[in-house]
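Below, read A as the first sequence line, B as the second, and so on, with proteins coming before strands; counting in each chain starts at 1. Only heavy atoms go into these numbers, but all of them, side chains included; no hydrogens, no water, no symmetry mates.
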Amino acid sequence: MSQAGTAIQLTPAQQEAVEHFSGPMLVLAGPGSGKTRVVTQRIARLIEKGVRPWNILAITFTNKAASEMSDRLKNLSESRNLWVSTFHRFCAHVLRQRSDVIGLQQNFTILDTADQKQAIKHVLHELDFDAAHYPPNKILACISNAKNDLCTADAFVKQFEESVADHFTAVVARVYPAYQKFLLESNAVDFDDLLLHTVHLFEQHEEIRASYDDRYQYVLVDEYQDTNEAQYRIVRALAQNSRNLSVTGDPDQSIYGWRGAKIANILRFEQDYPETKVIKLEQNFRSTKMILAAADSLISNNTYRKAKELTTDNPEGEPVELLRFPDSPNEADSIARHIRQMVDSGKRKWSDIAIFYRVNSLSRLLELAMVRHRVPYQIAAGVAFYQRAEVRLLLAYLDLINNPQNRSAFLRAVNKPLRGIGKTSQQRLTNWAESNGLSYIEAALQADKIPKMPKRAGISLKMFAKMMQDFSLADSGSVAQLLRDVIDKTGFTRQWDATKSEQDAQHLANVEELVAAAQHYDEMMEDETTLEGFLETTSLVSDLDSLENETDSKGKVTLMTLHAAKGLEFPVVYIVGLEQNLLPHERVLQEVSLRDYEEERRLLFVGMTRAEEQLYLTVSDYREMHGRSMPTILSDFLSEIDLVQTDGTTLTQGLPDTAYSSTLKEDVISEDDLQAVRQAISRKDRPQLTTAASLLKGKPKTAELPFNFPIGSSVRHPRYGLGTVTNAGGFGHRRTITVDFDEQNRTETFIVSKCPLQLVGR
DNA sequence: TCGCGACTTCAGGTT
DNA sequence: GAAGTCGCGA
């Protein structure tokens, strides 16, 4: 934070918040007002005043926020035994302690989104609904919304029976209970259940609630404006007796309404806790006057808000610029060049710069441009690693060992590697298992009793089940060793040969990396290492957790969605695509809901207020949407902001870089290359998989992007000029390419990782 | 039972 | 542009 490093003087309002001791407190903190600093200093003060660290609970929404706070606390005071957690981790912890009460076992599985989808499909199939006609994602969204509002399956069905509902709701009313049954029988929960079960645990078992209330005398909740009903009730349950609840947030930064967040929670806090002390932090230490004024004039168009006065003593700064481009490839390319020039000229370092966008699909062209211009970047897509087929599969094996009732894991693992157990055999098994009340593993052990089961499939099933039963953490000794045993026994890696293809090498490297992650977990937990603990760290990581926050090294440019940007700050910010249907998003334009429309405005507000010194908004006259180039309309929000307009194509005029040519239709870099780049980046730099607290502690490294120069592509050398790649050799750091320089009639061989070559669009 | 290619349909943000 | 579905041939 800009303020944290040097000027230590607290404003009177900050001081008051830091010194607040007991009773409820609401801190309304505008962007850049030093909120995190206030929270951490207050915790330090609490401890100084004699509060014991284990009586304090600090809750955030993301792992990143949690680990950042932990890190800061480390500098401030003796903070061991102090728990900084996300809502979901906190709930997982509570539920493991009291799993018996809610009908689960302690080793329950946390399903991720892909598992959930698979489960829904399975249920749809069982109920004889056509998955094509009832999209699993829509059903899932509907169930999730219900859960966020604490509407259980029973309640949903009852509500449905008592009201006039549409056909789709009727289907959900059938699917929801069946889905819950599937989860329960799998000894599993989904993300929403973590919250929902915890609410029920607290509200239906007073003695349990009271014990946690008593344990956590001081509860602090960050980003309170983003709490949904379930989270609201959890917080309430924890502060019922102790009442030392302090929440921080900013209604203007509420951007998770679609996830069930209720902005009303923060607006009504004073009614919920009448003795509340309210503190407003309105002085901004982050942005220039120009940027703050622009953001303020935007947000003042919202009607559903508490007016706030944002002020700053920072310099005037430069005006917010609107950059206009003819099309999206041009936009991406110009931004990349602009960034490169800022860094090359020594004005900025890579990590000073961030690019935000409304939808993930916009990152594609930007990434390609970054690669083309050799701009090192990081993108919030760290979990992509856990989504890779081979990693998911191995995790399914571990999951099944940990929780033999887990149906999703069984179905995923049973025929991979191939064991000749096809769809129909699986169907017969699951039907039989369910009608006999057995887990799939138990049923597989008696596969010969299943009617119509082919002999070969039956034998395979038995062998598979026996093999799974023979695995145990106790026998292997550590999660990493167990993983290796699984790989050995299943012949998991036999299908790949690193020397045969690049893809195979990637698969093998991913497997290696998962083993390394497990080993890291083992080492960190020592004797306490558990399978469900490891699996929990893999299912509760988020995209954001892969990002580094480096300030010392030159670092990387950060690409992320506007949603992910909350809580961060950068000297230079680009917000891409200020166009109708994109920002505001088309979905809120179709409906006539003012609430949703205003959330889009808040989203832009959040993005703009991340910027410290320079803020660029961009539009393209044509943008690729759904694989097609479409003319665009300027975002209505632009008329609410004071800015200067610039022709974006002139951004880097008169400067030496000439890699760009206006017809970038054929990208020299293919989608596969981009995947490889992403993988290579993430493998090198992703922090080791750990618990929240130790995330992001890896030393900052600057990754040299692996550049691909396909044979036949055009390149530019600063001295030799234009040339064509004619040959390639070697691997990794020693990869070389040979280039013919037509103009000078010479041929040179370069080491790719060191050469000053640049790809040129054709 | 399995892999491949052709085809359709779909694309918001996150724990 | 990508992912999922379907039908075919081996």
Side-chain angles (χ1 to χ4, degrees), chain A residues 59-66 85-92 110-114 116-118 121 130-133 135-138 141 144 147-148 189-196 223 226-228 230-231 254-261 356-365 368 380-383 387 389 415-426 454 456-457 460 536 538-545 560-566 577 581-590 596 599-600 602-604 606-607 624-629 667 670-672 674-675 692:
Chain A
I59 300 181
T60 63
F61 274 78
T62 61
N63 293 314
K64 189 174 163 61
S85 173
T86 64
F87 268 107
H88 288 84
R89 274 182 204 278
F90 171 75
C91 291
I110 301 168
L111 264 59
D112 65 19
T113 359
Q116 289 180 47
K117 205 171 153 187
Q118 196 202 15
K121 279 187 185 169
D130 183 11
H133 208 258
N137 280 331
K138 264 198 187 146
S144 175
K147 285 183 177 178
N148 284 331
V189 299
D190 63 20
F191 284 128
D192 303 314
D193 283 338
L194 286 171
L195 305 175
L196 188 66
E223 309 283 11
D226 285 329
T227 49
N228 62 28
Q231 289 158 334
S254 161
I255 53 175
Y256 285 105
W258 53 274
R259 204 167 79 180
F356 305 146
Y357 33 81
R358 178 65 177 82
V359 295
N360 271 312
S361 59
L362 292 191
S363 72
R364 224 187 96 78
L365 284 175
L368 289 171
V383 281
Q387 305 302 339
N415 199 30
K416 280 180 205 154
L418 294 176
R419 299 187 176 89
I421 305 166
K423 273 258 153 62
T424 18
S425 299
Q426 288 178 35
R456 292 178 75 159
S460 289
E536 192 173 302
T538 67
S539 56
L540 293 182
V541 284
S542 80
D543 289 344
L544 273 173
D545 300 334
M560 55 168 59
T561 62
L562 283 163
H563 281 90
K566 195 170 62 170
N581 297 320
L582 209 47
L583 187 63
H585 192 266
E586 53 184 338
R587 287 218 185 172
V588 312
L589 289 176
Q590 282 159 12
D596 291 349
E599 183 158 309
E600 296 290 305
R602 289 195 294 270
L603 194 51
L604 178 56
V606 167
E624 308 256 333
M625 298 286 278
H626 303 171
R628 197 163 267 249
S629 190
D667 259 315
S670 72
E671 179 65 20
D672 279 352
L674 187 56
Q675 288 297 336

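- Among the protein residues, A:T561 comes within range of the sugar-phosphate backbone only, with heavy atoms under 4.0 Å from sugar or phosphate atoms but none that close to a base.
- Whole-Å rounding puts the A:W258 CH2 to B:dT15 C1' distance at 9 Å.
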Please write out the pairs of protein N or O atoms and N or O atoms of nucleotides 1-11 of chain B separated by less than 3.5 Å, giving the distance to one decimal.
residue, atom, partner, partner atom, Å
B:dT1, OP1, A:S425, OG, 3.0
B:dT1, OP2, A:T424, OG1, 2.7
B:dC2, OP1, A:N415, ND2, 3.3
B:dC2, OP1, A:G420, N, 3.3
B:dC2, OP2, A:N415, ND2, 3.1
B:dA11, N7, A:H626, NE2, 3.4

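- You'll find the side chain of A:T86 stays beyond 4.5 Å of the side chain of A:F61, heavy atoms only.
- Proximity of the aromatic rings of A:H585 and A:W258 is defined here by a centroid distance below 6.0 angstrom, and this criterion is not met.
- Between A:E599 and A:V588 the shortest side-chain heavy-atom distance does not fall below 4.5 Å.
- Between the CZ atom of A:F191 and the P atom of B:dT15 there is a distance of 8 Å, rounded to whole Å.
- Looking at which nucleotide of DNA chain B each of A:E600 and A:H88 is closest to, the 5′-most match is held by A:E600.
- Partners of A:K147 according to the side chain to side chain donor-acceptor pair (under 3.5 Å) rule, which considers only residues two or more places apart in sequence or in another chain, are A:Q180, A:D190, A:D193.
- In this structure the side chain of A:T227 reaches within 4.5 angstrom of the side chain of A:F87, judged on heavy atoms.
- Between the CG atom of A:D226 and the P atom of B:dG13 there is a distance of 17 Å, given to the nearest Å.
- When the salt bridge (Lys or Arg N to Asp or Glu O under 4.0 Å) test is applied to A:D192, no partner is found at least two apart in sequence or on another chain.
- Which of C:dG4, B:dT14, B:dT15 sits closest to the side chain of A:T113 comes down to B:dT15.
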